[in-house]
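What follows is a single structure, written as structure tokens, with notes after it.
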Amino acid sequence: MKRISALVLLCLTLAWVVPANAQIFRGPDSAKRANKAAEKDRKKAAKQREKALKKYAKAQRKAAKQAKQKG
């Protein structure tokens, strides 16, 4: 249970640590470009969180398999 809560905390921390690349756009389509950049940043952060969760799940499966073989 501690591992799961630690992973969730880590994922939430990563979401805040990932730089959002605050860009200032000028011109008629500035809002559109800013929204597109923000969406790209959100997708990148989500992909990193998904990758971390998969890595954690794999480690859990491996640990469970080793525990099953020992006992």
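Remember, it's a predicted structure, so these values are computed and weren't measured experimentally. Numbers here simply count residues along the sequence, with the first being 1.
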CZ of Arg33 to CG of Asn35, rounded to nearest 0.5 Å, is 12.0 Å
Quick note, salt bridge (charged side-chain N to carboxylate O under 4.0 Å, His left out) partners involving residues 58-71, not counting sequence neighbours, are none
One should read off an interatomic distance between Lys40 NZ and Lys43 NZ, to the nearest 0.5 angstrom, of 10.5 Å
Assess whether a salt bridge exists between Glu50 and Lys47, defined as any Lys/Arg side-chain N lying under 4.0 Å from an Asp/Glu carboxylate O.
no
For Gln60, the side-chain contact (heavy atoms from CB on, under 4.5 Å) test, sequence neighbours excluded, returns Arg3, Tyr56
